Amino acid sequence: MNTLILGGPGHTGSRINDRLTAQGHTPRLASRRTGFDWNNPNTWQPTLHGATAAYVCFTPDLAFPGVPEKMATLGHLAAHEGLERLVLLSGRGEEGARHSENALRESGLPTTVLRCSWFQQNFSEHFLHGPVTRGHLKLPANDTPEAFVDLEDVADAAVHALTHDEPDNNTYELSGPELLTFTQAAEILHNAMGRPVTFETVDVPTFVADLTQDGVPPEEAEPLAYLFTEILDGRNATLTNGIQRLLGRPPAPFHAYAQRTAMAGAWG
Ligand SMILES: NC(=O)c1ccc[n+]([C@@H]2O[C@H](COP(=O)([O-])OP(=O)(O)OC[C@H]3O[C@@H](n4cnc5c(N)ncnc54)[C@H](OP(=O)(O)O)[C@@H]3O)[C@@H](O)[C@H]2O)c1
């Protein structure tokens with residue numbers, strides 16, 4: 001098995017790499033630092049060459065305009081290069097992401113789609129790290145319940161899909177085991193960190209200004225803000241059984257993530 005991890009150094013890719021390596025595989029990581037660039041289609045075919053399976057993690061977001069066309073091209077190249085399966089990281093409730101999933105499936109290759117809830121690690125490894133450290137979560141959303149999923153579970157699910165004997169052409173919705181509002185998530189973070197964390201609904205410019213403090217460029221923060229106003233309307237406020245179906249065990253709760261992450265010193 002020659003597995004390619006597109007987005008290899010990232011949040012999901014690095015965890016998948018660790019697991020595959022521990023199992024004795026030698027996955028190949030691809031991103032801009034290895035010469036693979038989502039903005040330069042000329043780099044895609046040489047990257048796919050020699051692989052039999054690929055984990056596809058698009059950055060910054062599968063739901064953004066223009067991504068379905070990229071997925072269609074990537075899928076056709078993957079089929080032409082003889083890949084036998086694809087595993088696509090996607091998001092729940094995102095209309096744009098649905099188009100990208102369908103476009104990748106035009107390849108005809110067996111494609112496992114992992115449609116994830118919000119990652120728990122958004123609060124520590126991504127755009128909410130700064131706001132949590134400052135003790136003040138500001139989002140352009142109401143206090144909507146979300147079923148935050150642990151990236152360790154997402155990585156386990158992806159590795160299962162990449163390595164299972166039979167390629168799997170199904171879509172799995174991956175959520176955590178409980179619905180939490182942002183106020184409840186902030187309380188859990190407060191308990192884990194021992195410092196207050198509050199949640200406030202803000203308008204899009206305030207959210208973008210908060211993120212730019214942490215170095216997130218406005219051209220990334222703005223589409224993220226509009227995506228959140230789309231998906232944080234309660235449409236994803238349901239639990240799913242994707243982790244149980246794929247892994248035969250329940251997903252990990254938010255408080256376990258918060259405690260181990262606070263103990264590791266992620267928020268200072
Ligand atoms: N955050 C959430 O709650 C959530 C929920 C559901 C789904 N998702 C989906 O998760 C995906 C992001 O996953 P992730 O967090 O694992 O990714 P990530 O860590 O944000 O990024 C993965 C890697 O992509 C590489 N990269 C950035 N720009 C690139 C480019 N132009 N060409 C090639 N590589 C590039 C970067 O490495 P280099 O710097 O070396 O290029 C980075 O390490 C998105 O598609 C999003 O829709 C996220």
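Whatever order the structure lists ligands and atoms in, that order sets their numbers, starting from 1. Just so it is clear, the values below take in all heavy atoms, side chains as well, and ignore hydrogens, waters and symmetry mates. Treat the numbers as computed from the prediction; the structure is a model and nothing was measured.
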Subject >> Residues in the immediate environment of ligand 1 (any heavy atom closer than 4.0 angstrom) >> reply: G7, P9, G10, H11, T12, S31, R32, R33, F36, D37, W38, N39, C57, F58, T59, P60, D61, L62, L89, S90, G91, C116, S117, W118, F119, N122
Original post:
Which of these passes salt bridge (charged side-chain N to carboxylate O under 4.0 Å, His left out) with R235: E146, E230, E94, E95?
Top reply: E230
**OP:** Sorted by first residue and then second, give each side chain to side chain donor-acceptor pair (under 3.5 Å) pair with at least one member in residues 106-116; sequence neighbours left out.
**Re:** E101-R115, R115-E173
**OP:** Sequence neighbours left out, what passes side-chain contact (heavy atoms from CB on, under 4.5 Å) with N42? Give chain and number order.
**Re:** N40
Subject >> Exercise: do Q213 and D210 side chains pair donor with acceptor under 3.5 Å >> reply: yes
Original post:
Thinking salt bridges, do R260 and D150 make one under a 4.0 Å N-O criterion?
Top reply: yes
Subject >> Under the ring-ring contact (aromatic ring centres under 6.0 Å, His included) test, residues paired with H76 that sit two or more places apart >> reply: none
